[in-house]
Amino acid sequence: MTPIDSVSATILGIAGVTCLWQLSSMAFINKKIMVRGRVPAQGTAVMLFGVACSAIIIARRGTSFWQIVSVASIMLAVVLTAVVKDGLSEYGMYVNGWSTPYKDMKYYHIEREEKDMTRVRICARRGDHTLLFAENDLQLAIAYFTKNEVPDIETYQMMQKQNHRKKR
(Lines give C-alpha, C1' and ligand atoms only; values in the text may rest on other atoms or scores of the structure.)
Protein backbone atom coordinates (compact mmCIF):
# COMPACT_ATOMS: atom_id res chain seq x y z
CA MET A 1 0.00 0.00 0.00
CA THR A 2 1.36 3.40 -0.98
CA PRO A 3 1.37 6.29 1.47
CA ILE A 4 -1.45 8.79 1.16
CA ASP A 5 -0.72 11.81 -1.03
CA SER A 6 -1.83 15.37 -0.28
CA VAL A 7 -4.68 15.38 -2.83
CA SER A 8 -6.19 12.18 -1.43
CA ALA A 9 -5.73 13.47 2.12
CA THR A 10 -7.54 16.70 1.19
CA ILE A 11 -10.40 14.82 -0.48
CA LEU A 12 -10.72 12.48 2.49
CA GLY A 13 -10.66 15.43 4.89
CA ILE A 14 -13.42 17.31 3.07
CA ALA A 15 -15.55 14.19 2.63
CA GLY A 16 -14.93 13.19 6.25
CA VAL A 17 -16.02 16.58 7.61
CA THR A 18 -19.09 16.44 5.35
CA CYS A 19 -19.95 12.95 6.63
CA LEU A 20 -19.55 14.08 10.25
CA TRP A 21 -21.76 17.12 9.60
CA GLN A 22 -24.44 14.96 7.99
CA LEU A 23 -24.29 12.35 10.77
CA SER A 24 -24.65 15.03 13.45
CA SER A 25 -27.54 16.55 11.48
CA MET A 26 -29.24 13.16 11.31
CA ALA A 27 -28.77 12.63 15.03
CA PHE A 28 -29.96 16.03 16.20
CA ILE A 29 -32.24 17.39 13.48
CA ASN A 30 -34.13 14.54 11.83
CA LYS A 31 -36.21 13.89 14.94
CA LYS A 32 -37.04 17.61 15.32
CA ILE A 33 -38.59 18.01 11.87
CA MET A 34 -42.37 18.30 12.26
CA VAL A 35 -43.22 19.32 8.67
CA ARG A 36 -41.15 17.56 6.07
CA GLY A 37 -40.02 19.66 3.13
CA ARG A 38 -37.68 18.91 0.27
CA VAL A 39 -35.08 21.13 -1.39
CA PRO A 40 -35.85 21.20 -5.15
CA ALA A 41 -33.46 19.10 -7.28
CA GLN A 42 -31.01 18.66 -4.39
CA GLY A 43 -30.85 14.88 -4.63
CA THR A 44 -30.14 14.91 -8.35
CA ALA A 45 -27.59 17.71 -8.13
CA VAL A 46 -25.68 16.18 -5.21
CA MET A 47 -25.67 12.75 -6.88
CA LEU A 48 -24.37 14.17 -10.16
CA PHE A 49 -21.69 16.13 -8.29
CA GLY A 50 -20.59 13.02 -6.39
CA VAL A 51 -20.47 10.87 -9.53
CA ALA A 52 -18.58 13.58 -11.44
CA CYS A 53 -16.01 14.01 -8.65
CA SER A 54 -15.56 10.26 -8.41
CA ALA A 55 -15.13 9.89 -12.17
CA ILE A 56 -12.57 12.70 -12.27
CA ILE A 57 -10.59 11.17 -9.39
CA ILE A 58 -10.48 7.75 -11.03
CA ALA A 59 -9.73 9.13 -14.52
CA ARG A 60 -6.95 11.46 -13.40
CA ARG A 61 -5.45 9.62 -10.46
CA GLY A 62 -6.12 5.94 -11.13
CA THR A 63 -7.50 3.25 -8.89
CA SER A 64 -4.98 2.99 -6.10
CA PHE A 65 -6.16 2.19 -2.59
CA TRP A 66 -6.38 5.84 -1.49
CA GLN A 67 -8.29 6.91 -4.60
CA ILE A 68 -10.85 4.15 -4.02
CA VAL A 69 -11.17 5.22 -0.37
CA SER A 70 -11.62 8.83 -1.53
CA VAL A 71 -14.36 7.85 -3.98
CA ALA A 72 -16.09 5.74 -1.32
CA SER A 73 -16.01 8.62 1.17
CA ILE A 74 -17.48 11.01 -1.42
CA MET A 75 -20.28 8.57 -2.20
CA LEU A 76 -20.96 8.08 1.53
CA ALA A 77 -21.29 11.87 1.90
CA VAL A 78 -23.73 11.89 -1.05
CA VAL A 79 -25.86 9.15 0.51
CA LEU A 80 -25.87 10.87 3.91
CA THR A 81 -26.94 14.14 2.28
CA ALA A 82 -29.98 12.36 0.87
CA VAL A 83 -30.92 10.98 4.30
CA VAL A 84 -30.83 14.27 6.25
CA LYS A 85 -34.33 15.74 6.52
CA ASP A 86 -35.25 19.30 5.57
CA GLY A 87 -38.34 21.12 6.81
CA LEU A 88 -39.90 22.97 9.72
CA SER A 89 -39.70 22.32 13.44
CA GLU A 90 -40.95 24.09 16.55
CA TYR A 91 -37.73 26.16 16.45
CA GLY A 92 -37.64 27.12 12.79
CA MET A 93 -36.48 25.82 9.42
CA TYR A 94 -33.76 23.25 8.81
CA VAL A 95 -32.10 22.96 5.40
CA ASN A 96 -29.03 20.77 4.87
CA GLY A 97 -28.35 20.71 8.59
CA TRP A 98 -28.45 24.51 8.97
CA SER A 99 -31.15 26.10 11.05
CA THR A 100 -33.00 29.37 10.68
CA PRO A 101 -35.24 30.39 13.59
CA TYR A 102 -38.69 31.79 12.85
CA LYS A 103 -37.66 35.16 14.31
CA ASP A 104 -35.10 35.50 11.48
CA MET A 105 -37.66 34.83 8.75
CA LYS A 106 -39.06 37.88 6.98
CA TYR A 107 -41.85 36.20 4.99
CA TYR A 108 -42.88 33.15 3.02
CA HIS A 109 -44.22 33.04 -0.51
CA ILE A 110 -46.16 30.19 -2.09
CA GLU A 111 -44.77 30.26 -5.61
CA ARG A 112 -46.22 27.41 -7.66
CA GLU A 113 -47.02 23.74 -7.80
CA GLU A 114 -44.50 21.26 -9.15
CA LYS A 115 -45.99 17.83 -9.83
CA ASP A 116 -47.61 16.85 -6.50
CA MET A 117 -45.62 19.36 -4.40
CA THR A 118 -45.99 23.10 -3.74
CA ARG A 119 -42.95 25.34 -3.94
CA VAL A 120 -42.55 27.74 -1.00
CA ARG A 121 -39.84 30.40 -0.87
CA ILE A 122 -38.83 31.52 2.60
CA CYS A 123 -37.04 34.85 2.83
CA ALA A 124 -34.80 35.10 5.89
CA ARG A 125 -32.05 37.41 7.10
CA ARG A 126 -29.33 35.07 5.84
CA GLY A 127 -30.92 34.53 2.43
CA ASP A 128 -33.79 32.85 0.67
CA HIS A 129 -34.54 29.13 0.86
CA THR A 130 -36.95 27.12 -1.23
CA LEU A 131 -38.73 24.02 0.03
CA LEU A 132 -41.26 21.76 -1.64
CA PHE A 133 -44.18 20.60 0.50
CA ALA A 134 -46.83 17.95 -0.13
CA GLU A 135 -50.38 19.34 -0.01
CA ASN A 136 -51.17 18.13 3.54
CA ASP A 137 -47.74 19.32 4.74
CA LEU A 138 -48.28 22.71 3.08
CA GLN A 139 -51.27 23.43 5.31
CA LEU A 140 -49.26 22.41 8.36
CA ALA A 141 -46.32 24.60 7.23
CA ILE A 142 -48.64 27.60 6.87
CA ALA A 143 -49.96 26.89 10.37
CA TYR A 144 -46.38 26.90 11.72
CA PHE A 145 -45.64 30.20 9.94
CA THR A 146 -48.84 31.73 11.31
CA LYS A 147 -48.19 30.46 14.84
CA ASN A 148 -44.69 31.95 14.78
CA GLU A 149 -45.79 35.24 13.19
CA VAL A 150 -44.02 34.81 9.85
CA PRO A 151 -46.20 36.72 7.36
CA ASP A 152 -46.92 35.78 3.78
CA ILE A 153 -45.41 38.05 1.11
CA GLU A 154 -48.55 40.19 0.66
CA THR A 155 -48.81 40.93 4.39
CA TYR A 156 -45.08 41.62 4.54
CA GLN A 157 -45.31 44.13 1.65
CA MET A 158 -48.22 45.90 3.32
CA MET A 159 -46.26 46.10 6.58
CA GLN A 160 -43.27 47.54 4.70
CA LYS A 161 -45.49 50.20 3.07
CA GLN A 162 -46.97 51.15 6.44
CA ASN A 163 -43.51 51.41 8.01
CA HIS A 164 -42.35 53.55 5.07
CA ARG A 165 -45.32 55.92 5.52
CA LYS A 166 -44.64 56.26 9.25
CA LYS A 167 -41.05 57.30 8.56
CA ARG A 168 -42.07 60.22 6.39
Side-chain angles (χ1 to χ4, degrees), residues 1-102 104-106 108-138 140-141 144-145:
M1 181 167 65
T2 60
I4 190 167
D5 60 280
S6 62
V7 173
S8 295
T10 302
I11 292 168
L12 280 171
I14 293 170
V17 168
T18 302
C19 288
L20 287 174
W21 175 261
Q22 300 298 24
L23 287 170
S24 70
S25 295
M26 287 171 44
F28 298 109
I29 295 172
N30 280 6
K31 60 186 170 206
K32 293 180 182 179
I33 298 292
M34 300 302 208
V35 184
R36 180 79 192 256
R38 190 169 58 83
V39 177
Q42 177 184 14
T44 305
V46 171
M47 181 61 74
L48 289 174
F49 179 75
V51 169
C53 287
S54 300
I56 290 169
I57 290 169
I58 291 172
R60 296 212 47 193
R61 309 209 23 100
T63 56
S64 74
F65 175 77
W66 290 111
Q67 276 64 43
I68 292 171
V69 171
S70 297
V71 167
S73 64
I74 289 171
M75 295 316 290
L76 177 62
V78 166
V79 169
L80 290 175
T81 299
V83 176
V84 173
K85 291 182 182 178
D86 301 316
L88 301 175
S89 72
E90 292 292 332
Y91 168 78
M93 172 180 60
Y94 289 98
V95 174
N96 297 324
W98 294 98
S99 64
T100 302
Y102 289 110
D104 289 346
M105 295 180 198
K106 296 178 184 176
Y108 70 93
H109 177 59
I110 299 172
E111 293 184 334
R112 64 180 179 273
E113 288 192 22
E114 294 182 8
K115 298 179 185 170
D116 59 341
M117 307 286 272
T118 302
R119 184 183 187 98
V120 177
R121 183 169 50 96
I122 301 156
C123 180
R125 288 189 181 143
R126 290 187 289 173
D128 291 4
H129 299 281
T130 302
L131 290 173
L132 298 174
F133 292 102
E135 185 58 37
N136 57 335
D137 289 335
L138 175 64
L140 193 53
Y144 269 91
F145 290 135

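All residue numbers in this chain count up from 1 along the given sequence.
Residues that satisfy the salt bridge (charged side-chain N to carboxylate O under 4.0 Å, His left out) test with Glu135, not counting sequence neighbours, are absent from this structure. By the side-chain hydrogen bond (donor to acceptor under 3.5 Å, both in side chains) test, Gln22 pairs with Thr81, sequence neighbours left out. Residues passing the side-chain hydrogen bond (donor to acceptor under 3.5 Å, both in side chains) test with Asn96, sequence neighbours excluded: Gln42. Partners of Arg119 under the side-chain hydrogen bond (donor to acceptor under 3.5 Å, both in side chains) rule, at least two apart in sequence or in another chain, are Glu111, Glu114. The side chain to side chain contact (heavy atoms under 4.5 Å, CB included) test applied to Ile29 returns Ser25, Ile33, Tyr94, not counting sequence neighbours. Considering only residues two or more places apart in sequence or on other chains, Thr10 meets the side chain to side chain contact (heavy atoms under 4.5 Å, CB included) condition with Ile14. For Tyr144, the ring pair (Phe, Tyr, Trp, His ring centres under 6.0 Å) criterion is met by no residue, not counting sequence neighbours. Among residues two or more places apart in sequence or in another chain, the ring pair (Phe, Tyr, Trp, His ring centres under 6.0 Å) test is passed with Tyr108 by Phe145. For Asp116, there are no salt bridge (charged side-chain N to carboxylate O under 4.0 Å, His left out) partners at least two apart in sequence or on another chain. Not a single side-chain hydrogen bond (donor to acceptor under 3.5 Å, both in side chains) links Asn136 to another residue, sequence neighbours left out.
With respect to the salt-bridge test (charged N to carboxylate O, under 4.0 angstrom), the residues Asp137 and Arg36 do not qualify.
Among residue pairs with one or both ends in residues 15-47, those qualifying as ring-ring contact (aromatic ring centres under 6.0 Å, His included) are Trp21-Trp98; sequence neighbours excluded.
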Table please: side-chain donor-acceptor pairs of residues 48-63 below 3.5 Å, with sequence neighbours left out.
from  : atom 1 : to    : atom 2 : distance (Å)
Ser54 : OG     : Gly50 : O      : 2.8
Arg61 : NH2    : Asp5  : OD1    : 3.2
Arg61 : NH2    : Asp5  : OD2    : 2.2

